[in-house]
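Before any comments, here is the structure.
Just the heavy atoms: all of them, side chains too, but no hydrogens, waters or symmetry mates, feed the values below. Proteins come first, then strands; the chains are lettered A, B, ... in the order of their sequence lines, and each starts at number 1. All of these numbers come straight from a predicted model, not from anything done at the bench.
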Amino acid sequence: EGKYFRPKPGKKNESYCIIMPPPNVTGKLHAGHALDVTTQDALIRFKRMKGYETLWLPGMDHAGIATQNVVEKKVWEEEKKTRHDYDRDTFLKKIWNWKENFGGIIADQQRRLGASPDWDYSMFTMDKGPNEAVRKVFTSLFNEGLIYQSDYIVNWDPVLQSAISDAEVEHKEVSGAFYHLHYKIKDSNELLEIATTRPETLLGDTAVCVHPEDERFQHLIGKTAIVPICNREVPIIADEYVDREKGTGCLKVTPGHDFNDFDLGKKHNLPIINLLNKDATFNENGLHYQGKTCKQARKEITAELEELGLLKEVKDHIHQVGHGDRSHALIEPIVSKQWFLNVQDMAREAVNAITDEKTKFFPKGWENTYFSWLREPKNWCLSRQLWWGHRIPVFTCQSCHHQWADENISPSACPKCQHQKIEQDPDVLDTWFSSALWPLSTLGWPNKERMIEKKFDTFFPTATLVTGHDIIFFWVARMMMMSLKFTGQVPFKDIYIHAIVRDKLGRKMSKSLGNGIDPIEMIELYGADSFRFTLAAGSGYNRNINLDPERISGYRNFINKIWNAFRFMAPFLEDAKPLSGVKNLDSHEKWILGELNIVTKSMNKSIEEYRYDDSCSAIYHFVYEKFCSWFIELSKPILHSDAEDKKRIRASVLKHCFKKIVALMHPFTPYITEELWAHLKEKEDDLLIVTDYPEFDESITFDQETIQMNRFIEIISSIRNLRSSVNIKPKDEVGVNIFIDDQKTIEFLKEQVIFFHNLAKVNNIVFKTYDEQRPAKSIMNATSFCEIFIPLEGVIDLNDQINRLEKDLAKTMKEVNKFSKKLANEKFMRNAPEDVVIETRSKLEEFTQKSQSLKNSLAAFKG
RNA sequence: GGGCGUAUAGCUCAGCUGGGAGAGCGCUACCCUUACAAGGUAGAUGUCGGCAGUUCGAUCCUGUCUACGCCCACCA
């Protein structure tokens, strides 16, 4: 309501823009989308708080094949009609209708996840603007001669009845067979043995091919073979393409239905025979098999060959066969007329942009995938025989047959002969064509007015593209090509490739396995913040995130922890003052501010580098271990005392830290942090979403406090450990003797008496020096700088204590030996850098001290 | 067939330019202690996939082997 997601110039005077990869209009939010939203929203919120003019531009993809499928299915179920029962315009209206009513559920789901794009910028790939961009680009490429129509062998999907691109074909392993056939040779009694996995295509054979140097077949080259059944006479040709080891070394050539044979056919000028109809049944060239499917025909042709005595044998064979990635239909290579884009030059530019580091991949390794596509690019088959999509803007004059591309939606006359009867190409463009222009068209390109309105110059080139590695070629590469071609600029400076979300066993989430995790269900169970934090914590430079709902529950507990920390603090915060006016901080306060400064630095750095795993772990540990376990616990005696000054200062520090924590976390957990902020903020403060992100402050250095606090924490933990080792009840109080020589530390510890009581139920501490007598009946622990004794009245199991200390001693001695060995090694002393030697020496000293303490005590106990 | 990647605690993973093996979850014991049992305190757990090499020193670099995953190509 407050339009906080809308870009506003900030203190940085720079822009930051992410174009959201548009989800399919038919789509429902899945775990992968949730990760998409989380990573992008975290960046956007971070940059917004940093003071950039921030735009996250949302959108939706028309998803040609998927959407047409959905509506066709629906129409079939409801009306028992196919699209061919309607005319094109009426059916398209039905799809638009569906889009208005049912499309785009996903946008609402993104809102539930807390996404903060400027929804007013929302764009649909078939909106007027993108359509204008498509027509402009197509026409321009056409006029440049880069778009051409050609008879070409394409992947034909018989279910969709459309050509699909190479990238849309999935190869699956299937078990088939090698059929060994005999072809007769004209004017000879010799038989040629040919192995094939597709005997049914022999009706389209227009040659037989052998290797030119294959001695077995030398004498046959140039002769004529007779294709069985149709008795076609075809030449026996030679080409080095043939692999002598494979099959029988003798290849039947079917240029109409095999990619390699097509190339071979072009090279040797062979005729192309098309055997198939659009639904992959045999046409009239299939002779008496006309109307049969390939599968039936294969069976029956094999039988006929056997009758003719031309089938030598059938061997089992496992091979890879192409299937449509959407329809799952068996793909048939078929020769047909299609539109192509020559991408050779554009691909080269796209490669250069990465090698010149105009755009960088994070993690860098993914550029290999990008290069592997673009260094040997195949021309892009643009046309799809569908109705739903951007119609190809090519027109043909019915009078003079002039063919041209036109930027106008419906040109009125032929530009050559002015004849008014013109016809538009019936096909639509591959969906990725409009996707390739997405960073341009969403920002108003090519329309000058819209570009001003959308602030093209402010946001282009965009800052970061966030997407999955599965569409590096489909989408990323093509955006790069188009943008470089038409603006001379890269479309984005960084490309962050996030992981693929898998189930907890590392399997792909799929409908058939039923292992999908529904984000909405997770939000309802654990909350959007917990879910987002889990995804972010699992995201860095890794390829997979194995998502286990138990982890979400773990982070839900963390979110809950923060809430409870606030509940504790809330009653004391009224007296809190802004920290800038507060003086006389005590050592605990200085310590926590130092730690806060460290975590602030680490958060800023890691988000900038897309290392969300590091960000989450840093804030998690700070909140849990530093802030809750120690600082809040240490604050209790003060807040419950009546030392008003100290109370006020402590409340101020608590509030300061907590406000920073909430701000630091906001990019990942927007809901709870904004809510807490409402309770923490001053009247004049705006919402957290536009509050400054905490910055590292170099001037904060509390090294002494940090050293002393770490020692204090070690002693407290050590006392707790001792208590636990002899099962002292948590409520029972004990006295402690600490043997220590360091004066600074003694002074520090003396100020902590009340905290010893609060944190470890210590009612009496006596400080002594190392040379004083140790208490006789007692338990002890040693550190590198002190010995801790708890004198005990009752019966102590001496053996237990001796075992415990001996175990510790063994560990310590292992370290002592390792370090002394190192220092005794001449080569180490000669070659190792000085700081490593110094560090090793001080480690040795520490461990030696500790081991000496342990030895002394053991001697006394055994004594 | 070509390429990329991964093997570290029971599970999921981190370990950034080589210098004392880490986290979360899970597990064990004791505690309903005045923010939090969705909690607290204490604790156990690893031939860092195998082998060889470089180095004073290897989880990290090189080679090699093994296992797994992904991508691309390919219906002889």
Side-chain angles (χ1 to χ4, degrees), chain A residues 166-167 171 174 176 178-179 194-198 201 209 242-243 246-254 257-261 317 319-322 330-333 365-366 368-369 372-373 376 469-470 472-473 500 504-506 508 526 534 537-538 540-548 550-551 553-571 609 611 613-614 616-617 620-621 628-629 632-633 636 640 717 720-725 727-731 758-761 814-815 818-819 822 825-833 835-837 839-840 843 847:
Chain A
D166 290 335
H171 291 273
V174 297
F178 250 141
Y179 299 83
I194 295 178
T196 177
T197 56
R198 299 200 64 185
T201 63
C209 190
V242 173
D243 180 348
K246 214 164 178 179
T248 59
C250 182
L251 176 70
K252 71 192 228 9
V253 185
T254 322
H257 295 286
D258 183 284
F259 288 94
N260 296 311
D261 293 7
H317 178 58
H319 56 174
Q320 301 278 326
V321 179
L330 202 80
I331 297 305
E332 290 294 344
W366 286 114
N368 289 328
T369 305
S372 77
W373 281 103
E376 286 173 57
H469 68 77
D470 46 340
I472 288 177
F473 173 71
I500 300 290
K504 67 173 175 178
L505 300 174
K508 236 180 192 162
Y526 304 112
T534 310
Y541 290 175
N542 46 336
R543 299 188 154 221
N544 298 314
I545 294 177
N546 296 358
L547 185 61
D548 184 347
E550 265 190 48
R551 306 211 61 181
S553 134
Y555 287 119
R556 184 266 321 267
N557 297 351
F558 172 57
I559 304 287
N560 196 42
K561 180 91 182 171
I562 293 169
W563 185 256
N564 282 318
F566 175 71
R567 279 183 47 202
F568 164 75
M569 268 184 280
E609 295 170 342
R611 289 303 304 254
D613 48 351
D614 289 347
C616 290
S617 128
Y620 183 98
H621 288 107
C628 290
S629 292
I632 285 188
E633 292 306 325
K636 284 176 181 175
H640 290 132
S717 305
R720 285 167 171 172
N721 170 283
L722 284 174
R723 297 177 55 113
S724 172
S725 77
N727 282 322
I728 295 171
K729 292 270 175 279
K731 278 178 189 164
N758 241 262
L759 298 177
K761 282 280 180 293
K814 218 173 137 187
E815 303 293 337
K818 186 159 66 186
F819 289 123
K822 256 192 181 183
N825 184 342
E826 266 179 53
K827 284 179 178 170
F828 173 77
M829 297 303 284
R830 219 175 23 236
N831 294 315
D835 56 321
V836 173
V837 176
E839 210 188 318
T840 308
K843 290 270 158 62
F847 282 108

Looking across every strand, which nucleic acid part, if any, lies under 4.0 Å from Tyr620(A) by heavy atom: base, sugar-phosphate, or nothing? sugar-phosphate
Under 4.0 angstrom, heavy atoms only, what part of the nucleic acid is Lys729(A) near: base, sugar-phosphate, or nothing? nothing
Is it true that Glu550(A) and Arg556(A) make a salt bridge, defined as a side-chain N closer than 4.0 Å to a carboxylate O? no
Of the listed nucleotides (A76(B), C75(B), A42(B)), which one gets closest to any side-chain atom of Arg720(A)? A42(B)
Need one value for Lys843(A): base, sugar-phosphate or nothing, where a base atom within 4.0 Å counts as base even if backbone is also close, heavy atoms only. base
Measure the OG1-CZ distance between Thr248(A) and Phe178(A) for me, rounded to the nearest 0.5 Å. 8.5 Å
Heavy-atom donor-acceptor pair, Ser724(A) side chain to Arg720(A) backbone, under 3.5 Å: no
Grab the CZ-C1' distance between Arg551(A) and C13(B) for me, whole Å please. 7 Å
Please list, pair by pair, any protein nitrogen or oxygen found under 3.5 Å from a nitrogen or oxygen in nucleotides 43-47 of chain B.
from, atom 1, to, atom 2, distance (Å)
G43(B), OP1, Asn721(A), ND2, 2.7

Report the distance from atom CG of Leu547(A) to atom C1' of C13(B), rounded to the nearest whole Å. 13 Å
When rounded to the nearest Å, what value does the distance between C1' atoms of C61(B) and U54(B) take? 8 Å
When the C1' atoms of A14(B) and U62(B) are considered, how many whole Å apart are they? 24 Å
Residues in ring-ring contact (aromatic ring centres under 6.0 Å, His included) with His621(A), at least two apart? none
How is Cys628(A) classified with respect to the nucleic acid when contacts are heavy atoms under 4.0 Å: base, sugar-phosphate, or nothing? base
Taking atom CD of Glu839(A) and atom NZ of Lys843(A), what is their separation to the nearest 0.5 Å? 4.0 Å
Counting any heavy atom closer than 4.0 Å, what does Ile632(A) reach on the DNA or RNA strands: base, sugar-phosphate only, or nothing? base
Ile562(A) backbone acceptor or donor facing Arg567(A) side chain under 3.5 Å: no
Report which part of the nucleic acid Ser725(A) touches: base, sugar-phosphate, or nothing (heavy-atom distance under 4.0 Å, all strands). nothing
With a non-hydrogen cut-off below 4.0 angstrom, is Asp261(A) in contact with a base, only sugar-phosphate, or nothing? nothing
Name the nucleic acid region contacted by Phe566(A), choosing base, sugar-phosphate or nothing; use a 4.0 angstrom heavy-atom cut-off, strictly under. nothing
If you look at every strand shown and take non-hydrogen atoms under 4.0 Å, does Asn542(A) touch a base, only sugar-phosphate, or nothing? sugar-phosphate
P atom, A37(B) versus U17(B): distance in rounded Å? 43 Å
For atom P, what is the distance between G19(B) and G15(B), given to the nearest Å? 14 Å
What about Tyr526(A) and Tyr555(A), are their ring centers closer than 6.0 Å? no
Applying a 4.0 Å non-hydrogen cut-off, can you work out what Asn825(A) is touching in the nucleic acid: base, sugar-phosphate, or nothing? sugar-phosphate
Side chain of Glu815(A) (C-beta onward), nearest among C56(B), C75(B), G20(B): G20(B)
State whether Asn557(A) places a side-chain N or O below 4.0 Å from either non-bridging phosphate oxygen (OP1 or OP2) of G39(B). yes
Restricting to nitrogen or oxygen on both sides, can you table the protein-nucleotides 59-61 of chain B pairs closer than 3.5 Å?
none

Just checking Arg723(A): base, sugar-phosphate only, or nothing, at a heavy-atom cut-off of under 4.0 Å? nothing
Separation of the C1' atoms in G10(B) and G26(B), to the nearest angstrom: 8 Å
Integer angstrom distance from the P of G22(B) to that of C48(B): 14 Å
Any donor-acceptor pair under 3.5 Å from Asp548(A) side chain to Arg551(A) backbone: no
Kindly write out the residues that satisfy side-chain contact (heavy atoms from CB on, under 4.5 Å) with Ser717(A), not counting sequence neighbours, or none if the list is empty. Trp630(A), Ile713(A)
On a whole-Å scale, what distance lies between the C1' atoms belonging to C11(B) and G46(B)? 14 Å
May I ask you to decide if Arg723(A)'s main-chain N or O and Asn727(A)'s side chain share a donor-acceptor pair within less than 3.5 Å? no
Contiguous Watson-Crick or G-U pair runs (3 or more, under 3.5 Å) in RNA chain B: B:1-7 with B:66-72, B:10-13 with B:22-25, B:27-31 with B:39-43, B:49-53 with B:61-65
Applying a 4.0 Å non-hydrogen cut-off, can you work out what Ile331(A) is touching in the nucleic acid: base, sugar-phosphate, or nothing? base
Interatomic distance, Phe568(A) CZ vs U33(B) P [rounded to whole Å]: 16 Å
Between C1' of C74(B) and CG of Asp258(A), the distance in whole Å: 9 Å
What does the list of N/O pairs under 3.5 Å between the protein and nucleotides 4-9 of chain B look like, with a distance for each?
from, atom 1, to, atom 2, distance (Å)
C4(B), O2', Arg543(A), NH2, 3.1

With heavy atoms under 4.0 Å as the rule, sort Thr196(A) into base, sugar-phosphate or nothing. sugar-phosphate
P-based separation of G40(B) from A35(B) [nearest Å]: 13 Å
Is the backbone of Lys827(A) close enough, under 3.5 Å, to the side chain of Asn831(A) for a donor and an acceptor to pair up by distance? yes
